[in-house]
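Structure, as structure tokens:
Both backbone and side-chain heavy atoms feed into the values below; hydrogens, waters and symmetry mates do not.
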Amino acid sequence: MSSSLADVLALINDVLQAAIVIFGASVVLYNLPHVRRDRVTSAFSAVILFVVLVYFSELLASRTIGLFTAEVWLRFGWFGIALVPAAAYHLADALMATTGAFGTRRRGRVVVAYLLGLAFFVAAQVTPWVITDVAPVPRAPHMVAGPLFGLFAAYYALASGLAVYTVWQARQRCVTSTTRSRMSVVLAAFPAAPLGVFPYQTFSRATSVGLPIWLTLIVGNLVVALMFALLTYYLAYFGRVSPDRVVRVRLFKFMARVPMTGTFVLLVYVLVGRASQVLGLPTETALAISVVATVMLVEWAVHYYKRPIERALQLNNEPDVRRIQELSERILTTRDLHQFLESILTATCDTLRTPTAFVAAITPDGPRLEVVVGPLRTPQELWQVTSWPEIADGDEPELERVDGFILWQNYWIRPLYARDDVNMLGIFGLEGRSPRPNLTMAESAVFERLAQQAAA
């Protein structure tokens with residue numbers, strides 16, 4: 001295999017490992033507020049944390065310059081390797097408890113599994129029994145198996161197999177079809193952690209990595225990422241008191257803003273760092289511009305396409321949910337309403353060149369002034385009239401009407417109606433700049449739009 005192809009495959013593998021690290025760390029952060037309240041969440045967070053440690057250490061070891069530093073990172077990663085089976089069995093025990101099976105023996109086996117994992121980790125650090133030295137493979141250094149590695153592999157297989165069997169038992173105990181279907185997906189994706197972090201390369205003393213190995217690593221990382229995504233999605237429902245729709249929306253919003261943004265930034269960083277010479281820019285300048293632009297574009301896309309994406313994923317496809325989505329944007333406090341009306345009146349005064357404008361609501365006791373801009377010189381009789389709906393309908397023939405305005409002394413009054421054009425909501429008044437309305441076509445168009453906004 002050529003060196004350039006090996007470099008490309010190694011880069012793809014590193015990016016996938018980094019994406020898993022970003023995703024896993026984000027899942028741990030997302031679950032952090034619920035860790036103390038729910039056993040499933042705390043156990044799953046432990047599994048993800050140990051997996052992240054393994055992938056993170058291998059990623060850094062593949063990028064180190066000296067073998068000594070690579071060995072330090074690889075030995076650090078053994079903390080996750082040794083404890084993943086115990087954490088998997090811990091998660092299986094928590095899932096079993098959700099079906100009403102509370103067993104003290106299982107709890108004891110969880111403690112024993114953690115103690116054995118810690119013992120193997122300590123042995124891997126201070127003795128050559130489990131692992132010996134580092135194999136200097138370019139772009140993929142790894143530890144070599146020691147004489148007791150087979151014992152560790154037996155513990156690893158036993159704890160992992162017991163964890164999978166316990167999840168299968170939990171699935172069999174599920175009563176409802178909903179929990180059974182969720183547990184079925186969890187069972188199918190459950191082996192991702194133990195299979196994904198087991199140190200298979202410790203058996204090899206090869207000095208290079210061939211094409212089949214690189215392809216196996218890449219495909220394996222893709223499968224692990226997919227299975228972790230399924231586990232995260234289906235385990236998010238356990239221990240939550242919110243409706244399923246709310247849980248889904250919160251999860252997808254967080255994943256879109258945190259791990260997806262981080263992954264895109266990583267990809268751009270890697271690609272631009274290698275293509276900066278082609279762009280003719282210093283590497284630092286190209287990276288700074290590209291990273292900032294990526295964050296801005298991803299956040300803009302998440303904000304702008306949030307609702308279409310949710311509906312495409314059938315997260316918020318009901319009409320009631322759409323109305324709930326728009327509620328926070330449509331609801332107004334009294335202060336918000338006054339500020340909104342004030343901006344409309346200010347725009348009216350500036351556009352129509354009039355010194356005063358006001359909006360009043362229609363109440364059973366007559367008009368109630370909501371907002372006024374400019375000096376209001378309206379006679380008190382305007383607020384004492386209780387029959388404005390009748391006046392608007394033309395029951396007062398002595399009042400002159402021009403171009404939709406009712407002329408009240410020196411004011412032009414425009415009635416504001418609801419969407420049905422029947423119920424009168426209020427009146428929009430402005431001090432006339434002339435005895436009779438003389439708006440141009442452009443001014444009339446602007447005023448109609450402002451009046452509709454005021455009514456809305």
Side-chain angles (χ1 to χ4, degrees), residues 20-21 24-25 27-29 31-32 34-58 73-99 101-127 129-131 143 145-146 148-170 186-187 189-200 202 224 227-228 231-232 235 238-239:
I20 292 175
V21 169
V27 171
V28 174
L29 292 175
N31 288 333
L32 203 57
H34 311 283
V35 165
R36 290 189 176 183
R37 298 197 297 266
D38 183 64
R39 287 187 61 203
V40 173
T41 302
S42 60
F44 180 56
S45 299
V47 172
I48 293 293
L49 180 61
F50 294 143
V51 172
V52 166
L53 290 179
V54 176
Y55 276 86
F56 183 68
S57 62
E58 291 181 355
W73 282 114
L74 290 174
R75 289 186 181 275
F76 168 74
W78 262 79
F79 183 75
I81 295 174
L83 291 179
V84 159
Y89 188 60
H90 183 192
L91 176 57
D93 172 57
L95 291 172
M96 193 69 171
T98 62
T99 65
F102 304 96
T104 55
R105 290 186 178 180
R106 260 195 341 268
R107 291 284 188 90
R109 287 195 290 266
V110 170
V111 175
V112 171
Y114 273 115
L115 292 177
L116 287 175
L118 288 174
F120 278 112
F121 168 70
V122 173
Q125 306 304 308
V126 300
T127 71
W129 298 341
V130 181
I131 50 176
M143 303 303 296
L148 294 183
F149 184 83
L151 182 62
F152 167 77
Y155 147 77
Y156 196 99
L158 178 62
S160 301
L162 191 59
V164 174
Y165 175 71
T166 304
V167 176
W168 178 81
Q169 285 183 314
V186 171
L187 177 61
F190 198 83
L195 291 180
V197 303
F198 185 78
Y200 303 98
T202 53
V224 168
M227 296 173 79
F228 272 147
L231 280 176
T232 302
L235 290 179
F238 288 88

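Annotation: the span from Leu83 atom CG to Phe50 atom CZ amounts to 4.5 Å, rounded to 0.5 Å. Separating the CG atom in Leu151 from the CG atom in Leu116 is a distance of 9.0 Å, to the nearest 0.5 Å. Atom CD1 of Ile20 sits about 14.5 Å away from atom CZ of Phe56, to the nearest 0.5 Å. In this structure, Ile131 CD1 and Ile81 CD1 are separated by 7.5 Å, a value rounded to the nearest 0.5 Å. One finds the CD atom of Gln125 at 9.0 Å from the OG1 atom of Thr127 (value rounded to the nearest 0.5 Å). Interatomic distance, NE2 of His90 versus CZ of Arg109, reported as 14.0 Å (0.5 Å rounding).
Using a 4.5 Å cut-off on side-chain heavy atoms (C-beta onward), Phe79 and Leu118 make contact. Looking at heavy atoms from C-beta onward, Tyr89 lies out of side-chain contact with Tyr114 at the 4.5 angstrom threshold. Between Val197 and Tyr156, some side-chain heavy-atom pair lies under the 4.5 Å cut-off. In this structure the side chain of Leu95 never reaches within 4.5 angstrom of the side chain of Thr166, judged on heavy atoms. Side-chain atoms of Pro194 and Pro85, non-hydrogen and from C-beta on, never get closer than 4.5 Å to each other. Contact of the Pro199 side chain with the Phe149 side chain is registered, since non-hydrogen atoms from C-beta on lie closer than 4.5 Å. Between Leu91 and Phe190 the shortest side-chain heavy-atom distance falls below 4.5 Å.
Of the candidates Phe152, Phe121, Phe120, Trp78 forms a ring-ring contact (aromatic ring centres under 6.0 Å, His included) with just one, namely Phe152. A side chain to side chain contact (heavy atoms under 4.5 Å, CB included) with Val27 holds for exactly one of Thr232, Leu32, Val47, Val52; it is Thr232. Checking each of Leu49, Ile48, Thr41 against Ser45 for a side chain to side chain contact (heavy atoms under 4.5 Å, CB included) leaves exactly one that passes, namely Thr41.
When all heavy atoms are compared, the tightest approach of Ala153 to Phe198 is CB-CZ, 4.1 Å. Nearest heavy atom pair, residue Ser57 against residue Phe76, reads CB-CD2, 4.1 Å. Residues Ala189 and Leu231 come closest through the heavy atom pair O-CD1, 3.6 Å. Ala192 and Met227 get closest at one heavy-atom pair: CB-CB, 3.4 Å. The two residues Ala43 and Ala94 come nearest to each other via the heavy atoms CB-CB, 4.4 Å. Scanning all heavy atoms of the two residues, the minimum distance from Val167 to Ala92 falls at CG2-CB, 3.6 Å.
For Tyr165, the OH atom sits in a loose shell: 12 or fewer heavy atoms of surrounding residues, nucleotides or ligands are nearer than 6.0 Å.
For Asp93 and Arg39, the salt-bridge test passes: some basic side-chain N is under 4.0 Å from an acidic carboxylate O.
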